[in-house]
> 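First, the structure itself, so that you have it in front of you.
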2 protein chains.
Amino acid sequence: MRTLPLLEPVVQPCCPPLTERPLTAEEAERTAVMFKALGDPVRLRLFSAVVSHEGGEACVCDISDVGVSQPTVSHHLKKLKEAGLLSSERRGTWVYYRVEPAVLAAMGQLLTKAAAA
Amino acid sequence: MRTLPLLEPVVQPCCPPLTERPLTAEEAERTAVMFKALGDPVRLRLFSAVVSHEGGEACVCDISDVGVSQPTVSHHLKKLKEAGLLSSERRGTWVYYRVEPAVLAAMGQLLTKAAAA
DNA sequence: TGTCTATGTTGACACATGTCGAACCAGAGG
DNA sequence: CCTCTGGTTCGACATGTGTCAACATAGACA
């Protein structure tokens, strides 16, 4: 019995820099997944809530006050997970979501390098 | 006769840091606009093409080879413009798109600060 | 076993979005 | 004036997406 299904890893070595050259179709496809995941207000709030929470992780019950129903929260968290931005773990009664620091750093570099050009 | 319609400024002083605290509904709404704009593979390629082009600007004719019809290219460039990421200017026969460096830098900080947490 | 609480999944629905062809607009150059 | 070329706008269509209520599942606890 595995405790972490972890749907897909999707984007790990990700993110070619944006300024160097035009992205290829493949690269764009991969990179767009992450931006798309953050392209919804509710998901952005959930993500921000997890990232800003102490320890970089939070229980669903702590962050689900974003004005939508509980199934919708669950749906959005799943999307963020599929995009490789969050991972989840069940601890007893509650499920905790955690941010993937590597991916976040990669996204940041992608944009800051672009800005420095 | 104005040469720059510039549909809306939308997001100028933008981007509260992502790690500090959970984003409010308003902040998330504003910030998500930009991520959403970059959340499509075609738009990401177009954006990357403009950013990586010399001088940070490019004629539509230089970047429209992304596998979709020309009206679709125009549609996506409009979206990027509405999101405040690009601006456009007509110069004789051709239309040039340019990146907005301030907004790009803000987005980068938003994520790198988040990564450093 | 049963029940209660915390999350996830399903199904359905309305709405947003990406795409194209066709029509339209703006300059350049006859 | 006309015509050609580069871009945009329009109308239509298929697909994707956010949302909820209802149902299902997983532990905790009795």
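The sequence lines fix the lettering, A, B, ..., with proteins before strands; numbering per chain opens at 1.
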> Under 3.5 Å between N/O atoms: give me all the protein pairs with nucleotides 16-19 of chain D, atom names plus distance.
{"unit_1": "dT17(D)", "atom_1": "OP1", "unit_2": "K36(A)", "atom_2": "NZ", "d": "2.9"}
{"unit_1": "dG18(D)", "atom_1": "OP1", "unit_2": "R43(A)", "atom_2": "NH1", "d": "3.2"}
{"unit_1": "dG18(D)", "atom_1": "OP1", "unit_2": "R43(A)", "atom_2": "NH2", "d": "2.8"}
{"unit_1": "dG18(D)", "atom_1": "OP2", "unit_2": "R43(A)", "atom_2": "NH1", "d": "3.3"}
{"unit_1": "dG18(D)", "atom_1": "OP2", "unit_2": "K79(A)", "atom_2": "NZ", "d": "3.1"}
{"unit_1": "dT19(D)", "atom_1": "OP2", "unit_2": "H76(A)", "atom_2": "NE2", "d": "2.4"}

> Report the distance from atom CD of E89(A) to atom C1' of dG8(C), rounded to the nearest whole Å.
17 Å
> Rounded to whole Å, how long is the line connecting atom CZ of R90(B) with atom C1' of dG27(C)?
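Rounded to the whole Å, the gap is 6 Å.
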> In chain order, what residues pass the side-chain hydrogen bond (donor to acceptor under 3.5 Å, both in side chains) check against H76(A), with sequence neighbours excluded?
R43(A)
> Classify the nucleic acid contact of T93(A) as base, sugar-phosphate or nothing, counting any heavy atom under 4.0 Å across all strands shown.
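Sugar-phosphate: the residue T93(A), judged by heavy atoms under 4.0 Å, touches backbone atoms but no base.
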> Can you list everything that forms a side-chain hydrogen bond (donor to acceptor under 3.5 Å, both in side chains) with S74(A)? Sequence neighbours excluded, please.
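Not a single residue meets the side-chain hydrogen bond (donor to acceptor under 3.5 Å, both in side chains) criterion with S74(A).
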> Given dT9(D), dT9(C), dT7(C), identify the nucleotide with an atom nearest to the side chain of K78(A).
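Of all the options, the side chain of K78(A) is nearest to dT9(C).
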> Test: salt bridge (charged side-chain N to carboxylate O under 4.0 Å, His left out). Region: residues 44-54 of chain A. Which pairs qualify, not counting sequence neighbours?
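Every pair satisfying salt bridge (charged side-chain N to carboxylate O under 4.0 Å, His left out) with a residue in residues 44-54 of chain A: there are none.
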> Round to a whole Å and report the spacing from CG of L46(B) to P of dG7(D).
12 Å
> Hey, does D62(A) have a side-chain heavy atom less than 4.5 Å from the side chain of V50(A)?
no
> dA28(C) P sits how many Å from W94(B) CH2, rounded?
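Roughly 10 Å, once rounded to whole Å.
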> Report the distance from atom CD1 of I63(B) to atom P of dG6(D), rounded to the nearest whole Å.
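The answer, rounded to whole Å, is 15 Å.
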> Check every strand shown and say whether Y97(A) touches a base, only sugar-phosphate, or nothing at a heavy-atom separation below 4.0 Å.
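Sugar-phosphate contact only - Y97(A) comes under 4.0 Å of backbone atoms but never of a base.
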> With sequence neighbours excluded, what pairs up with E57(A) under the salt bridge (charged side-chain N to carboxylate O under 4.0 Å, His left out) test?
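By the salt bridge (charged side-chain N to carboxylate O under 4.0 Å, His left out) rule, E57(A) matches R91(A), R98(A).
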> With sequence neighbours left out, what residues match T93(A) under side-chain hydrogen bond (donor to acceptor under 3.5 Å, both in side chains)?
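Testing T93(A) for side-chain hydrogen bond (donor to acceptor under 3.5 Å, both in side chains), a comparison that skips the adjacent residues, returns none.
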